[in-house]
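Worksheet: one structure, shown below.
We count residues from 1, following the sequence as given. Since we're looking at a predicted model, the values are computed, not measured.
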Amino acid sequence: MAVVASNTEQIFESQPVTFEHQMPKKMVPHLGKFELLSETTGLVLRWQHMLPDGIDPLTIQCRASEISSIHRQKDRITFTSERRGNLGPFVFASSDEISNLLTKLRSHGHTYPSRSQKSKPLYQHFTSVFSNLDHAFRKLVDVDSREEVVNLATYRTADDHDEAEDDWQDVYCRQSDDGFDLLDAEELPEPPPCERTEPVNLAQFQSFLEPDGRAVTSPGSLREAIFKGGLADDVRAMGWKFLLGQPLRSTAEEQADRAEQYNRIKQQWQSMTEKQVKNNYRMKDSILSINKDVPRTDRFQELYEDEDGPGLTAVHDVLMTYVVYNFDLGYVQGMNDLVAGLYYVLHDEAETFWCFCHWMEEQASLFAMEQKGMLDKLELLKTILQFVDPNLMAHLRDNESEHLLFCFRWLLVSFKREFHYESALYIWEVLWTQHLTTQFDLFICAALLCHHRDALLAITSAPDILKFVNGATEGYTLGQVQDILLTAEKLFWRLKQAPQQMPPELKLVLQTWEERPHEGVQSATLVDNAI
């Protein structure tokens with residue numbers, strides 16, 4: 001699991017270049033520098049945001065080999081990648097600088113067709129050399145990292161705004177010069193009584209099981225109990241298998257079969273030759289990223305202290321096996337944190353893999369290259385905040401923070417980096433119950449932001465808001481985490497009971513476990529679908 005270093009040579013550097021970021025209602029310019037770099041993996045185009053001292057720069061970058069066409073208008077240029085969408089537009093100090101850049105690219109064998117008219121993209125993508133999220137997450141999860149990072153989200157362009165979305169907005173919004181002002185939060189109904197309880201222990205858990213211990217008699221009631229109190233240590237591993245769709249108890253033959261299925265997939269990457277890896281750039285990128293990320297994962301835990309010990313080796317192998325199990329998604333940074341948390345509790349490599357596969361069935365869109373899943377979640381969070389705290393949302397909008405990028409890390413790894421390790425695992429099992437909603441993480445985000453609303457209202461710049469939020473949860477005790485969960489639950493019920501009409505996507509989020517359709521009493525194991 002050695003870290004692979006790469007040498008970088010600067011081929012071109014521009015005068016300050018403006019990146020024109022198209023928000024739904026306005027264009028926001030950002031000043032930065034544009035470079036052409038030669039790395040071991042090929043040429044890389046990179047724009048790096050100029051930010052005040054103390055704030056790590058944000059970066060947009062893409063391999064030159066991934067560019068399919070360009071659109072140039074005098075001193076402006078937009079690059080298009082079939083995989084990543086449009087990069088730009090970038091406004092250079094002069095057209096001569098663009099010509100110089102293109103000459104450098106041509107001299108290294110890169111020529112591109114020009115587009116006479118700008119195509120209409122669904123999304124403008126902020127990208128990195130390994131994946132859209134890879135370096136961005138590295139910066140957010142490691143406060144000591146000084147590596148270049150990407151901006152953290154994609155945005156719909158103004159042209160692509162769905163006019164149908166306005167149909168419901170008039171129902172519950174009051175029109176203002178700046179857009180829509182939501183009803184005052186005070187007009188939302190008071191929530192029913194909410195409480196946190198003691199963790200579900202082994203005896204309580206077993207009371208929900210059939211006599212043979214292989215099925216749950218009342219999955220909704222068990223989920224509610226776990227939602228309200230979490231799981232005690234003596235039953236956490238079994239409870240996680242239940243929540244992540246795995247068999248609660250298996251015979252020795254069944255366990256051997258699951259392990260065999262896992263090992264068959266694992267052998268696919270273990271048997272790959274160097275030539276095979278070299279000819280598969282996605283596999284090569286995954287290996288580079290996993291080898292770099294795993295040795296940095298949860299090293300403060302005794303299980304992961306030894307870089308070559310069984311803990312990190314298991315995390316590495318599960319991630320590599322997932323790459324060949326799901327080539328379309330592959331490895332994206334942040335998955336290492338999820339697998340490490342799972343293995344910390346399960347202590348079984350095959351079980352960790354199957355639980356992770358189930359989790360990714362629901363979370364994959366957050367890690368996908370096009371980032372639509374993350375964008376949709378942030379849009380939903382924005383809608384929730386507009387209801388529960390319109391003044392805070394207006395303040396964020398006034399300070400160019402309405403995109404809520406500072407919640408990206410919270411959502412990607414389900415708050416694992418925000419709280420004490422045990423508290424984070426407690427939050428995971430609360431989320432997995434899906435008792436109130438399949439997206440309770442959005443209400444936790446809203447609760448955290450409302451908890452810090454006074455401090456946020458006093459901050460008047462986007463970089464300072466980002467910096468504050470990234471450290472806002474440091475030192476939270478379990479009691480404070482429980483308070484946040486209570487607040488999140490109350491916010492859910494206030495919206496659930498609201499008299500005004502909700503947008504359709506929020507109505508879906510407000511469906512409880514009892515209201516949602518379920519194919520079976522308990523999720524089926526993934527073994528039957530394994531390779």
Side-chain angles (χ1 to χ4, degrees), residues 1 202 205-206 208-219 222-223 226 231 233-272 276 283 286-287 290 294 303 309-331 335-336 338-364 367 425 428-429 432-434 518-531:
M1 296 186 294
L202 179 58
F205 189 91
Q206 289 175 334
F208 289 94
L209 302 182
E210 296 283 2
D212 62 2
R214 293 170 62 88
V216 176
T217 57
S218 179
L222 178 54
R223 287 174 180 273
I226 298 172
L231 290 159
D233 290 341
D234 61 354
V235 74
R236 176 166 273 173
M238 186 185 298
W240 281 23
K241 292 179 184 179
F242 160 69
L243 294 171
L244 293 172
Q246 306 309 305
L248 291 176
R249 288 210 173 100
S250 304
T251 64
E253 183 179 351
E254 289 169 338
Q255 289 177 341
D257 182 57
R258 288 167 62 79
E260 181 184 355
Q261 296 278 4
Y262 168 71
N263 287 325
R264 263 191 283 165
I265 307 171
K266 182 177 178 179
Q267 288 169 5
Q268 293 183 38
W269 64 265
Q270 289 180 324
S271 62
M272 292 182 73
Q276 285 178 296
M283 190 68 184
S286 293
I287 292 173
I290 290 172
V294 169
L303 178 62
L312 288 182
T313 298
V315 172
H316 171 273
D317 290 357
V318 168
L319 291 169
M320 287 295 301
T321 305
Y322 186 75
V323 170
V324 297
Y325 178 82
N326 188 349
F327 264 120
D328 287 343
L329 182 60
Y331 171 77
M335 292 180 178
N336 55 312
L338 305 185
V339 170
L342 289 171
Y343 187 77
Y344 177 82
V345 169
L346 299 173
H347 285 280
D348 183 283
E349 189 176 316
E351 293 296 334
T352 296
F353 174 78
W354 294 119
C355 284
F356 179 67
C357 289
H358 181 91
W359 196 358
M360 282 298 100
E361 285 190 335
E362 298 181 354
Q363 295 287 96
F367 291 88
L425 302 185
W428 283 8
E429 55 207 24
W432 292 336
T433 67
Q434 300 186 349
H518 303 286
E519 293 183 0
V521 173
Q522 185 169 342
S523 299
T525 177
L526 296 178
V527 172
D528 293 338
N529 298 321
I531 296 174

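- If you take CD on Glu351 and CZ on Arg258, they are separated by 4.0 Å, rounding to the nearest 0.5 Å.
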Worked verdict on Asp348 versus Tyr343 for side-chain hydrogen bond (donor to acceptor under 3.5 Å, both in side chains): CA-CA 7 Å; Asp348 183 283; Tyr343 187 77; over 6 Å; no
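- Looking only at side-chain heavy atoms (C-beta outward), Gln268 and Met320 stay at 4.5 Å or farther from each other.
- Remark: side-chain polar atoms of Glu429 are paired, donor with acceptor, to backbone N or O of Leu231 under 3.5 angstrom.
- Side-chain contact between Phe205 and Leu209 is present, with heavy atoms from C-beta onward closer than 4.5 Å.
- Between atom CZ of residue Phe356 and atom CD of residue Gln363 there is a gap of 10.0 Å, rounded to the nearest 0.5 Å.
- You'll find the side chain of Met335 reaches within 4.5 Å of the side chain of Leu329, heavy atoms only.
- For the pair Trp240/Ile226, no side-chain contact is recorded, criterion being any heavy-atom separation below 4.5 Å from C-beta on.
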Stepwise side-chain hydrogen bond (donor to acceptor under 3.5 Å, both in side chains) check, Gln434 with Glu362: CA-CA 12 Å; Gln434 300 186 349; Glu362 298 181 354; 3.0 Å; yes
Residues Gln267, Arg264; criterion side-chain hydrogen bond (donor to acceptor under 3.5 Å, both in side chains); working and verdict: CA-CA 5 Å; Gln267 288 169 5; Arg264 263 191 283 165; over 6 Å; no
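- The shortest side-chain heavy-atom distance between Leu244 and Leu342 falls under the 4.5 Å cut-off.
- Taking CH2 of Trp432 as the start and CZ of Arg223 as the end, the distance is 12.0 Å to the nearest 0.5 Å.
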Steps toward ring pair (Phe, Tyr, Trp, His ring centres under 6.0 Å) verdict (Phe353, Tyr325): CA-CA 10 Å; Phe353 174 78; Tyr325 178 82; 5.4 Å; yes
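- In this structure, CD1 in Ile265 is found 7.0 Å from CD in Gln261, a value given to the nearest 0.5 Å.
- Between Lys266 and Val324 the shortest side-chain heavy-atom distance does not fall below 4.5 Å.
- At a threshold of 4.5 Å between non-hydrogen side-chain atoms, the residues Phe208 and Pro219 do not count as touching.
- The shortest non-hydrogen separation linking Ala350 to Ala259 is CB-CA, 4.1 Å.
- The two atoms that bring Leu243 and His358 nearest to each other are O-NE2, 4.2 Å, heavy atoms only.
- Side chains of Arg236 and Leu425 form a contact here, defined as non-hydrogen atoms less than 4.5 Å apart.
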Side chain to side chain contact (heavy atoms under 4.5 Å, CB included) evaluation trace for Val216 with Glu210: CA-CA 6 Å; Val216 176; Glu210 296 283 2; over 6 Å; no
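- The aromatic ring centroids of Trp359 and Trp354 lie 6.0 Å or more from each other.
- Contact record, Cys355 with Leu346: SG-CD1, 3.8 Å, taken as the closest heavy-atom pair.
- Applying the 6.0 Å contact sphere to CD of Glu253 captures no more than 12 heavy atoms from other residues, nucleotides or ligands.
- A salt bridge links Arg214 to Glu254: at least one charged side-chain nitrogen sits closer than 4.0 Å to a carboxylate oxygen.
- Here the CD1-CG distance, from Ile290 to Asp317, works out to 9.5 Å after rounding to the nearest 0.5 Å.
- Atom OH of Tyr331 and atom CG of Asn336 lie 3.5 Å apart (nearest 0.5 Å).
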Check against side-chain hydrogen bond (donor to acceptor under 3.5 Å, both in side chains), Tyr262 and Glu349: CA-CA 9 Å; Tyr262 168 71; Glu349 189 176 316; 2.5 Å; yes
